[in-house]
Amino acid sequence: MLRIGVCDDEQDTLRNNCEIVQDFLRKRGINGDIAACSSGQELLWEAEQHGDFQIILLDIEMDGFNGVETAKKLRERDYYTVLIFISAHDQYCKALMNVKPFAFLDKPVDQKQLFQVLDRVMEQEIAQSENFCFTSGKVRYQVDIKSILYFESSLRKILLAGKGKSYWFYGRMDEVEARISASGHKFLRIHKSYLVNVRYIESYHYTSITMQNGKQLNISKARLDSIREYYRNQLL
(Lines give C-alpha, C1' and ligand atoms only; values in the text may rest on other atoms or scores of the structure.)
Protein backbone atom coordinates (compact mmCIF):
# COMPACT_ATOMS: atom_id res chain seq x y z
CA MET A 1 0.00 0.00 0.00
CA LEU A 2 1.23 3.47 -0.93
CA ARG A 3 1.67 5.70 2.12
CA ILE A 4 1.19 9.43 1.49
CA GLY A 5 1.56 12.34 3.90
CA VAL A 6 -0.22 15.66 3.30
CA CYS A 7 0.84 18.52 5.57
CA ASP A 8 -0.60 22.03 5.84
CA ASP A 9 -1.52 24.16 8.86
CA GLU A 10 -4.57 25.62 7.09
CA GLN A 11 -7.41 23.15 7.64
CA ASP A 12 -9.39 24.01 4.50
CA THR A 13 -6.28 23.69 2.35
CA LEU A 14 -5.29 20.45 4.06
CA ARG A 15 -8.73 18.97 3.46
CA ASN A 16 -8.75 20.09 -0.18
CA ASN A 17 -5.29 18.66 -0.91
CA CYS A 18 -6.22 15.34 0.71
CA GLU A 19 -9.34 15.17 -1.44
CA ILE A 20 -7.31 15.76 -4.61
CA VAL A 21 -4.85 13.02 -3.65
CA GLN A 22 -7.70 10.65 -2.78
CA ASP A 23 -9.31 11.38 -6.15
CA PHE A 24 -5.99 10.62 -7.88
CA LEU A 25 -5.68 7.26 -6.10
CA ARG A 26 -9.27 6.34 -6.96
CA LYS A 27 -8.99 7.29 -10.64
CA ARG A 28 -5.64 5.50 -11.05
CA GLY A 29 -6.79 2.41 -9.16
CA ILE A 30 -3.99 2.73 -6.58
CA ASN A 31 -4.31 1.33 -3.07
CA GLY A 32 -3.06 4.08 -0.78
CA ASP A 33 -3.30 5.47 2.73
CA ILE A 34 -3.30 9.24 3.34
CA ALA A 35 -2.13 10.80 6.62
CA ALA A 36 -3.40 14.38 7.03
CA CYS A 37 -1.08 16.42 9.25
CA SER A 38 -1.60 20.01 10.36
CA SER A 39 2.01 20.68 11.40
CA GLY A 40 5.55 19.63 10.64
CA GLN A 41 5.84 18.13 14.11
CA GLU A 42 2.78 15.95 13.51
CA LEU A 43 4.16 14.76 10.17
CA LEU A 44 7.49 13.81 11.78
CA TRP A 45 5.63 11.99 14.57
CA GLU A 46 3.58 10.04 12.00
CA ALA A 47 6.75 8.95 10.20
CA GLU A 48 8.39 7.94 13.48
CA GLN A 49 5.41 6.03 14.83
CA HIS A 50 3.94 4.46 11.70
CA GLY A 51 6.79 4.27 9.19
CA ASP A 52 8.22 6.29 6.34
CA PHE A 53 6.05 7.82 3.62
CA GLN A 54 6.56 7.11 -0.07
CA ILE A 55 5.19 10.57 -0.99
CA ILE A 56 4.76 13.79 1.01
CA LEU A 57 2.94 16.98 0.00
CA LEU A 58 4.42 19.61 2.27
CA ASP A 59 3.42 23.23 2.76
CA ILE A 60 6.46 25.44 3.27
CA GLU A 61 5.02 28.33 5.29
CA MET A 62 3.76 26.85 8.55
CA ASP A 63 3.91 27.82 12.20
CA GLY A 64 6.29 25.82 14.38
CA PHE A 65 8.43 23.65 12.11
CA ASN A 66 8.09 25.15 8.65
CA GLY A 67 8.43 23.05 5.51
CA VAL A 68 12.18 23.67 5.20
CA GLU A 69 12.93 22.49 8.75
CA THR A 70 10.53 19.56 8.47
CA ALA A 71 12.06 18.40 5.18
CA LYS A 72 15.57 18.42 6.65
CA LYS A 73 14.40 16.28 9.57
CA LEU A 74 12.66 13.89 7.19
CA ARG A 75 15.77 13.49 5.06
CA GLU A 76 17.80 12.52 8.13
CA ARG A 77 15.72 9.32 8.36
CA ASP A 78 14.69 8.63 4.77
CA TYR A 79 16.49 9.23 1.47
CA TYR A 80 13.77 7.90 -0.82
CA THR A 81 10.63 9.79 0.24
CA VAL A 82 9.31 11.87 -2.66
CA LEU A 83 8.94 15.47 -1.42
CA ILE A 84 6.48 17.75 -3.21
CA PHE A 85 6.57 21.28 -1.83
CA ILE A 86 3.67 23.71 -1.91
CA SER A 87 4.07 27.46 -1.52
CA ALA A 88 2.61 30.77 -2.60
CA HIS A 89 6.18 32.12 -2.92
CA ASP A 90 9.30 30.89 -4.72
CA GLN A 91 12.06 32.26 -2.46
CA TYR A 92 12.46 28.90 -0.73
CA CYS A 93 13.62 26.92 -3.76
CA LYS A 94 17.35 27.40 -3.14
CA ALA A 95 17.07 26.58 0.58
CA LEU A 96 15.34 23.30 -0.26
CA MET A 97 17.64 21.98 -2.99
CA ASN A 98 19.77 19.97 -0.53
CA VAL A 99 16.73 17.89 0.53
CA LYS A 100 16.21 16.72 -3.07
CA PRO A 101 12.69 18.01 -3.83
CA PHE A 102 10.75 16.21 -6.54
CA ALA A 103 8.56 19.19 -7.46
CA PHE A 104 7.29 22.61 -6.38
CA LEU A 105 3.62 23.50 -6.73
CA ASP A 106 1.94 26.87 -6.39
CA LYS A 107 -0.59 27.40 -3.64
CA PRO A 108 -3.53 26.87 -3.96
CA VAL A 109 -2.86 23.53 -5.63
CA ASP A 110 -4.26 23.00 -9.10
CA GLN A 111 -5.71 19.49 -9.45
CA LYS A 112 -4.50 18.99 -13.02
CA GLN A 113 -0.92 19.98 -12.11
CA LEU A 114 -0.89 17.76 -9.02
CA PHE A 115 -2.21 14.82 -11.04
CA GLN A 116 0.62 15.35 -13.56
CA VAL A 117 3.23 15.42 -10.79
CA LEU A 118 1.81 12.31 -9.10
CA ASP A 119 1.77 10.47 -12.44
CA ARG A 120 5.49 11.26 -12.78
CA VAL A 121 6.07 10.03 -9.24
CA MET A 122 4.34 6.74 -9.98
CA GLU A 123 6.44 6.26 -13.12
CA GLN A 124 9.56 6.77 -11.00
CA GLU A 125 8.34 4.41 -8.28
CA ILE A 126 7.71 1.69 -10.84
CA ALA A 127 11.13 2.26 -12.40
CA GLN A 128 12.84 1.94 -9.02
CA SER A 129 10.85 -0.97 -7.63
CA GLU A 130 13.08 -3.68 -9.06
CA ASN A 131 13.97 -6.66 -6.98
CA PHE A 132 17.53 -7.89 -6.54
CA CYS A 133 17.56 -11.52 -7.66
CA PHE A 134 20.11 -14.12 -6.53
CA THR A 135 20.46 -17.81 -5.73
CA SER A 136 21.37 -19.10 -2.28
CA GLY A 137 21.41 -22.77 -1.34
CA LYS A 138 19.85 -23.69 -4.72
CA VAL A 139 16.87 -21.45 -3.93
CA ARG A 140 16.04 -18.40 -6.07
CA TYR A 141 15.29 -15.23 -4.08
CA GLN A 142 13.95 -11.78 -4.97
CA VAL A 143 14.52 -8.96 -2.48
CA ASP A 144 13.17 -5.42 -2.83
CA ILE A 145 16.23 -3.22 -3.36
CA LYS A 146 14.74 -0.52 -1.12
CA SER A 147 14.84 -2.96 1.82
CA ILE A 148 18.56 -3.76 1.47
CA LEU A 149 20.81 -2.07 4.05
CA TYR A 150 24.16 -3.08 2.58
CA PHE A 151 26.20 -5.75 0.80
CA GLU A 152 29.38 -7.17 2.30
CA SER A 153 31.83 -9.40 0.43
CA SER A 154 34.02 -12.10 1.96
CA LEU A 155 36.18 -14.14 -0.40
CA ARG A 156 33.76 -15.36 -3.10
CA LYS A 157 30.58 -14.86 -1.07
CA ILE A 158 28.31 -11.81 -0.65
CA LEU A 159 26.22 -11.01 2.40
CA LEU A 160 22.97 -9.21 1.59
CA ALA A 161 21.93 -7.49 4.82
CA GLY A 162 18.21 -6.74 4.64
CA LYS A 163 15.84 -4.94 6.99
CA GLY A 164 14.18 -8.18 8.04
CA LYS A 165 16.52 -10.96 6.93
CA SER A 166 20.04 -11.49 5.59
CA TYR A 167 21.32 -13.91 2.94
CA TRP A 168 24.67 -15.24 1.70
CA PHE A 169 25.22 -15.96 -1.98
CA TYR A 170 28.15 -16.45 -4.33
CA GLY A 171 29.13 -13.44 -6.41
CA ARG A 172 31.47 -10.52 -7.04
CA MET A 173 30.96 -7.09 -5.50
CA ASP A 174 31.75 -5.30 -8.78
CA GLU A 175 28.89 -7.16 -10.46
CA VAL A 176 26.52 -6.40 -7.58
CA GLU A 177 27.44 -2.71 -7.73
CA ALA A 178 26.81 -2.58 -11.49
CA ARG A 179 23.36 -4.16 -11.08
CA ILE A 180 22.40 -1.80 -8.25
CA SER A 181 23.62 1.27 -10.17
CA ALA A 182 21.53 0.28 -13.17
CA SER A 183 18.42 0.18 -10.98
CA GLY A 184 18.67 3.87 -10.12
CA HIS A 185 18.88 3.34 -6.36
CA LYS A 186 21.53 5.26 -4.40
CA PHE A 187 24.19 3.00 -2.88
CA LEU A 188 27.75 4.02 -1.95
CA ARG A 189 30.84 1.84 -2.39
CA ILE A 190 32.74 2.77 0.76
CA HIS A 191 35.22 -0.12 0.61
CA LYS A 192 36.06 -2.92 -1.80
CA SER A 193 34.04 -5.13 0.56
CA TYR A 194 31.10 -2.82 1.35
CA LEU A 195 28.28 -1.36 -0.75
CA VAL A 196 25.78 0.54 1.42
CA ASN A 197 22.30 1.94 0.92
CA VAL A 198 22.46 5.65 1.78
CA ARG A 199 18.89 5.45 3.06
CA TYR A 200 20.03 3.42 6.07
CA ILE A 201 23.19 5.27 7.08
CA GLU A 202 22.74 6.32 10.69
CA SER A 203 25.91 8.40 11.06
CA TYR A 204 29.18 9.24 9.30
CA HIS A 205 32.46 9.22 11.24
CA TYR A 206 34.97 10.14 8.51
CA THR A 207 36.77 6.74 8.57
CA SER A 208 33.63 4.67 9.10
CA ILE A 209 29.86 4.77 8.90
CA THR A 210 27.23 3.28 11.19
CA MET A 211 24.15 1.70 9.68
CA GLN A 212 20.68 1.87 11.23
CA ASN A 213 21.02 -1.71 12.44
CA GLY A 214 24.07 -0.68 14.50
CA LYS A 215 26.64 -2.25 12.18
CA GLN A 216 29.81 -0.14 11.83
CA LEU A 217 31.56 -0.38 8.47
CA ASN A 218 35.01 0.99 7.69
CA ILE A 219 35.68 3.35 4.79
CA SER A 220 38.81 2.39 2.88
CA LYS A 221 41.62 4.93 2.55
CA ALA A 222 41.18 4.90 -1.23
CA ARG A 223 37.55 6.04 -0.87
CA LEU A 224 37.83 8.56 1.98
CA ASP A 225 37.96 11.59 -0.33
CA SER A 226 35.00 10.53 -2.48
CA ILE A 227 32.83 9.73 0.56
CA ARG A 228 33.76 13.02 2.21
CA GLU A 229 32.88 14.84 -1.03
CA TYR A 230 29.52 13.06 -1.11
CA TYR A 231 28.67 14.27 2.40
CA ARG A 232 29.90 17.76 1.64
CA ASN A 233 27.51 17.91 -1.34
CA GLN A 234 24.60 16.83 0.87
CA LEU A 235 25.16 19.92 3.00
CA LEU A 236 25.25 22.43 0.13
Side-chain angles (χ1 to χ4, degrees), residues 40-41 43-45 47-48 51-54 56 58 65-83 85 92-102 128 132 134 143-169 171-236:
Q41 293 92 327
L43 182 69
L44 293 169
W45 183 88
E48 181 69 31
D52 296 328
F53 295 97
Q54 282 74 50
I56 294 176
L58 182 57
F65 270 18
N66 64 24
V68 178
E69 296 166 321
T70 303
K72 289 179 179 179
K73 290 289 184 182
L74 286 166
R75 274 291 178 255
E76 289 176 5
R77 58 172 289 117
D78 187 4
Y79 178 86
Y80 287 109
T81 297
V82 173
L83 296 177
F85 291 102
Y92 299 97
C93 294
K94 185 176 181 180
L96 287 165
M97 292 313 295
N98 66 325
V99 296
K100 306 297 186 291
F102 184 86
Q128 293 191 348
F132 184 84
F134 61 95
V143 176
D144 186 349
I145 295 176
K146 287 184 179 179
S147 72
I148 299 172
L149 279 71
Y150 61 89
F151 294 93
E152 178 180 351
S153 66
S154 178
L155 299 177
R156 294 175 53 241
K157 297 185 73 176
I158 303 287
L159 170 68
L160 183 158
K163 292 179 67 175
K165 189 175 181 180
S166 297
Y167 305 85
W168 283 99
F169 62 94
R172 295 177 59 249
M173 188 63 86
D174 288 346
E175 294 175 354
V176 172
E177 183 179 18
R179 289 171 59 189
I180 292 294
S181 296
S183 74
H185 293 273
K186 184 61 179 178
F187 280 63
L188 286 178
R189 186 77 177 269
I190 65 168
H191 190 282
K192 68 178 182 179
S193 299
Y194 303 127
L195 179 66
V196 303
N197 190 337
V198 298
R199 180 182 190 182
Y200 300 111
I201 296 176
E202 180 71 27
S203 55
Y204 164 63
H205 311 285
Y206 183 64
T207 59
S208 67
I209 63 169
T210 301
M211 305 302 292
Q212 288 184 7
N213 67 349
K215 178 74 171 181
Q216 188 169 13
L217 304 174
N218 292 328
I219 303 171
S220 67
K221 291 182 179 179
R223 299 178 188 271
L224 282 174
D225 288 343
S226 63
I227 301 302
R228 181 169 56 181
E229 182 66 21
Y230 168 79
Y231 273 95
R232 183 183 296 118
N233 289 337
Q234 300 309 299
L235 299 174
L236 295 178

Min side-chain heavy-atom separation [X]-[Y] under 4.5 Å:
X      : Y      : result
Ile190 : Tyr150 : no
Phe132 : Ile180 : yes
Val176 : Phe187 : no

Looking at every heavy atom in both [X] and [Y], which two are closest together, and how far apart are they?
X      : Y      : result
Ala71  : Leu83  : CB-CD1, 4.2 Å
Gly67  : Leu58  : O-CD2, 3.5 Å
Ala161 : Ser166 : CA-OG, 3.4 Å
Leu224 : Thr207 : CD2-CA, 4.0 Å
Leu195 : Glu177 : CD2-CA, 3.7 Å
Ile158 : Ser153 : CD1-CB, 3.5 Å

Starting at [atom1] of [X], measure out to [atom2] of [Y] and round the result to the nearest 0.5 Å.
X      : Y      : atom1 : atom2 : result
Arg199 : Leu149 : CZ    : CG    : 10.0 Å
Leu43  : Leu74  : CG    : CG    : 5.5 Å
Lys165 : Leu160 : NZ    : CG    : 11.5 Å
Tyr204 : Leu188 : OH    : CG    : 10.5 Å
Thr70  : Lys72  : OG1   : NZ    : 11.0 Å
Leu44  : Lys73  : CG    : NZ    : 8.0 Å

| Is the number of heavy atoms from other residues, nucleotides or ligands under 6.0 Å of Lys192 NZ greater than 12? |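 No - once you tally the heavy atoms of other residues, nucleotides and ligands closer than 6.0 Å, there are 12 at most.
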| said: side-chain contact (heavy atoms from CB on, under 4.5 Å) for Tyr194 and Ile209? Distances and angles first, verdict last. | reply: CA-CA 11 Å; Tyr194 303 127; Ile209 63 169; over 6 Å; no
| field | Criterion side-chain contact (heavy atoms from CB on, under 4.5 Å) on Arg228 and Tyr206, from CA distance to verdict | value | CA-CA 7 Å; Arg228 181 169 56 181; Tyr206 183 64; 3.7 Å; yes
| message | Please identify which of these residues, Tyr167, Phe151, Trp168, meets the side chain to side chain contact (heavy atoms under 4.5 Å, CB included) condition with Leu159. | response |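 Testing Leu159 for a side chain to side chain contact (heavy atoms under 4.5 Å, CB included) against Tyr167, Phe151, Trp168 leaves exactly one candidate, Trp168.
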| message | Go through it in stages, so that I can follow the logic: the residues are Arg189 and Met173, the test is side-chain contact (heavy atoms from CB on, under 4.5 Å), and I'd like the CA-CA distance, side-chain angles, deciding distance and then a yes or no. | response | CA-CA 9 Å; Arg189 186 77 177 269; Met173 188 63 86; 3.4 Å; yes
| request: Examine distances only and state if a side-chain atom of Arg75 and a backbone atom of Thr81 form a donor-acceptor pair shorter than 3.5 Å. | output: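 Present.
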| task | Kindly indicate, with the supporting measurements, whether the criterion side-chain contact (heavy atoms from CB on, under 4.5 Å) is fulfilled by Val196 and Met211. | result | CA-CA 9 Å; Val196 303; Met211 305 302 292; 4.1 Å; yes
| Considering the options Gln216, Lys215, His205, Glu202, which one meets the side-chain hydrogen bond (donor to acceptor under 3.5 Å, both in side chains) requirement together with Thr210? |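 Of the listed options, the one satisfying the test is His205.
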| task | For Lys146 and Asp144, run salt bridge (charged side-chain N to carboxylate O under 4.0 Å, His left out): C-alpha distance rounded to whole Å, both residues' side-chain angles, the deciding distance at 0.1 Å, then the answer. | result | CA-CA 5 Å; Lys146 287 184 179 179; Asp144 186 349; over 6 Å; no
